[in-house]
2 protein chains.
Amino acid sequence: MNLSEKNQNIGISVSICLFCYNDEEKKVLTVENKDQPFKGALILPNKALDPNKSLEEICSEILFENIGNSNIYVEQLNAFGKVYRHPNGRIIDISFYGLINLEKDKVILNEDNGAAFTSLESFPEFAFDHNDMIEMALKRIKRRMKYRPLGKNLLPDQFTMNELEGLYASFLTKKFDKRNFRRRILEMNFLREVKKVQRNTRGRKAILYEFDPKKYNNYSKTGF
Amino acid sequence: MNLSEKNQNIGISVSICLFCYNDEEKKVLTVENKDQPFKGALILPNKALDPNKSLEEICSEILFENIGNSNIYVEQLNAFGKVYRHPNGRIIDISFYGLINLEKDKVILNEDNGAAFTSLESFPEFAFDHNDMIEMALKRIKRRMKYRPLGKNLLPDQFTMNELEGLYASFLTKKFDKRNFRRRILEMNFLREVKKVQRNTRGRKAILYEFDPKKYNNYSKTGF
DNA sequence: CCAAAAGTGTTAATCTTACACCCATGA
DNA sequence: TCATGGGTGTAAGATTAACACTTTTGG
């Protein structure tokens, strides 16, 4: 392939499925579509690729523009390239997904863009093929959880075992047995007990845990 | 994003890691690079994306041009998009991987392109980032094998248990215990015993098996 | 008859699953 | 004191892993 072949008149956009876990629900960062077609529709934040920037740089820009924080780890999901996926012409979308915690990670939602974290419990409808992207991202996370720990990016620094269980239940869409869950997670040995003060809540106070960064990262890289 | 943003002067290419399993080795389809830079170097077959064709259509064309057969199932691997990955300018490569059997699938290697199946046992060096692509594809296959059966596309219609074991050992880069392997595979119940005539070979004749298409396909879709 | 490759079972250890009650706290 | 949510152990069943010899066949 040489330079003359480069000018193919195909657009490339980058989009991000950024998930958080809040109020015991999983949510995704959405913006309001500003252009035709589907003006006003719910879409994933996205941006045209700049020839001089890497895919990851564009991700950072998307994040900065919509939540005022670009320091979020993302992974590539898929290139969506159907000929007729975008009514305005041929646009290939390279999508990424990432995870965030709304307390730990500073987030300032860009109101001009209609940026918001939208709950997925009620199956919102997105324009274009953005529903497919979200579905694929959730599948990918689900699969990934069988190999690697999840939670560091989604939970606050300290959390209870029940919060972690809720997170797992939500992303794996399955219920756990409290005792078995607790045992299995603790056996993996990437959690550290902190102290016994939990925020004011009814009932018995829960033990707080935090991730042991070294062990968590090891498992994160190499899998269980 | 509107049409005016489309002309970004970024090239898009599609490339394929097409694996086969032959002579008890895994091999990948390679061609000779015809252009500068790295003229003559070993590369993966690839082609510029045409604005009016889907990614999958381009895959078919690549396959047809290099092995004379476009009827090969491929899956998307990754978009490789580093700014400096290609010395001639900004080219995003969307890579796919697929599996083939050289007896079952008619293959006519395009000699003009230097098309060949190159063994991976000796760790050949490729130009550009094509080594990364192969490595990622092999990792992907490895991971996939934990959920889904492998073999239908790689083996002849009828095969022995030892051939299947060799294939698994090769792609998972680990040795198996004959007895345990046999038991586990048979328990999964997607194999059918055929008859006891095996091609002339030293030693005892082996039982031939074939995949039960329905059960194999079910597992292939839904995983174990 | 022997070299080469195919085929075959059992046991111990580990992992998974199911299951129900007591504990600490704040209102 | 009671309602709320947190915390705990065990046993049966399933799965996995380790292990070595016999069978069939062609040369």
Side-chain angles (χ1 to χ4, degrees), chain A residues 21-25 142-143 145-149 151 155-156 158-170 172-210 219 223-224, chain B residues 21-25 142-143 145-149 151 155-156 158-170 172-210 219 223-224:
Chain A
Y21 178 69
N22 244 240
D23 312 319
E24 302 177 19
E25 290 183 346
K142 221 164 163 173
R143 211 171 49 186
M145 286 170 77
K146 295 186 177 147
Y147 294 91
R148 296 168 206 280
L155 290 176
Q158 305 191 345
F159 50 87
T160 70
M161 193 56 85
N162 286 333
E163 284 167 346
L164 187 62
E165 187 190 319
L167 171 75
Y168 267 76
S170 171
L172 289 173
T173 54
K174 85 175 228 195
K175 283 211 174 288
F176 285 90
D177 178 287
K178 266 208 288 188
R179 285 166 286 195
N180 294 338
F181 180 81
R182 189 175 288 261
R183 186 182 324 114
R184 275 223 301 281
I185 290 285
L186 288 175
E187 271 168 3
M188 292 179 186
N189 207 37
F190 54 70
L191 286 188
R192 284 200 298 233
E193 214 168 292
V194 190
K195 46 187 181 236
K196 219 191 144 170
V197 250
Q198 198 204 9
R199 60 185 178 282
N200 26 329
T201 169
R202 310 259 298 119
R204 178 172 173 177
K205 278 175 183 154
I207 299 168
L208 288 172
Y209 294 89
E210 62 186 13
Y219 281 128
F224 297 123
Chain B
Y21 179 69
N22 243 239
D23 312 317
E24 301 176 21
E25 290 182 347
K142 224 165 162 172
R143 211 171 50 185
M145 285 170 77
K146 296 187 177 148
Y147 294 89
R148 296 166 204 280
L155 290 175
Q158 305 191 346
F159 50 86
T160 71
M161 192 57 84
N162 286 333
E163 284 166 347
L164 188 62
E165 187 190 320
L167 170 74
Y168 267 76
S170 171
L172 289 173
T173 54
K174 85 175 227 196
K175 283 212 174 286
F176 285 89
D177 178 287
K178 264 209 290 189
R179 286 165 284 192
N180 293 339
F181 180 82
R182 191 174 288 261
R183 185 182 326 113
R184 274 223 301 282
I185 290 285
L186 287 175
E187 269 168 5
M188 291 178 185
N189 206 36
F190 55 69
L191 287 187
R192 284 199 299 233
E193 214 169 291
V194 189
K195 46 187 183 236
K196 217 190 142 168
V197 251
Q198 198 204 10
R199 58 183 180 283
N200 24 330
T201 171
R202 307 261 300 121
R204 178 171 171 179
K205 277 174 183 155
I207 298 168
L208 288 171
Y209 295 89
E210 61 186 12
Y219 281 128
F224 296 124

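All values reported here derive from a predicted model rather than from experimental measurement. First the proteins, then the strands, lettered A, B, ... as listed; each starts at 1.
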Distance (rounded to the nearest 0.5 Å) between Arg143(B) CZ and Lys146(A) NZ:
12.0 Å

Heavy atoms only: give me the nearest Thr160(A)-Ala206(A) pair and the separation to one decimal.
CG2-CB, 3.5 Å

Pick base, sugar-phosphate or nothing for Asn162(B), based on heavy-atom distances below 4.0 Å to the nucleic acid.
sugar-phosphate

CG (Leu167(A)) and CG (Asn162(A)) are apart, to the nearest 0.5 Å, by 12.5 Å

Mapping Ala206(A) and Arg179(B) to their closest nucleotides on DNA chain D, which lands nearer the 5' end?
Ala206(A)

Measure across Arg182(B) and Tyr209(B) and return the closest heavy-atom pair with its distance rounded to 0.1 Å.
NH1-OH, 4.1 Å

Quick check: closest heavy atoms across Met145(A) and Tyr168(A), and the distance to 0.1 Å?
CE-CD2, 3.3 Å

N/O contacts under 3.5 Å, protein versus nucleotides 10-16 of chain C?
residue, atom, partner, partner atom, Å
dT10(C), O4, Arg183(B), NH2, 3.2

d(CZ, Phe181(B); C1', dG9(C)) in whole Å:
19 Å

Rounded to the nearest angstrom, tell me the gap between atom NZ in Lys175(A) and atom P in dC19(C).
16 Å

Interatomic distance, Gln158(A) atom CD to Ile207(A) atom CD1 [nearest 0.5 angstrom]:
13.0 Å

With respect to the phosphate group of dG7(C), does any side-chain polar atom (N or O) of Arg182(B) fall under 4.0 Å of OP1 or OP2?
yes

Close side-chain approach of Glu165(B) and Ile185(B), heavy atoms under 4.5 Å:
no

Check for a donor-acceptor pair, side chain of Tyr21(B) on one end and backbone N or O of Gly166(B) on the other, with a separation under 3.5 Å.
yes

Between Glu210(B) and Phe159(B) the two heavy atoms that sit nearest each other are CA-CE2, 3.9 Å

Using a 4.0 Å cut-off on protein heavy atoms (strictly under), produce a 5'-to-3' string for nucleotides 21-27 of chain C with B for base contact, S for backbone-only sugar-phosphate contact, and - for none.
--BBBSS

How long is the span from the CZ atom in Arg183(A) to the CG atom in Asp177(A), to the nearest 0.5 Å?
8.0 Å

Which whole-number value in Å describes the distance from Glu193(B) CD to dA6(C) C1'?
13 Å

Measure the distance from CD1 on Ile185(B) to P on dG7(C) and round it to the nearest whole Å.
14 Å

For chain A and DNA chain D, what are the first and last nucleotides along the strand, 5' to 3', with at least one atom under 4.0 angstrom from a heavy atom of the protein chain?
dT4(D) to dT10(D)

Leu164(B) CG to dG7(C) P, straight-line distance once rounded to whole Å
12 Å

Parallel, tilted or perpendicular: rings of Phe190(A) and Phe224(A) (30°, 60°)
parallel

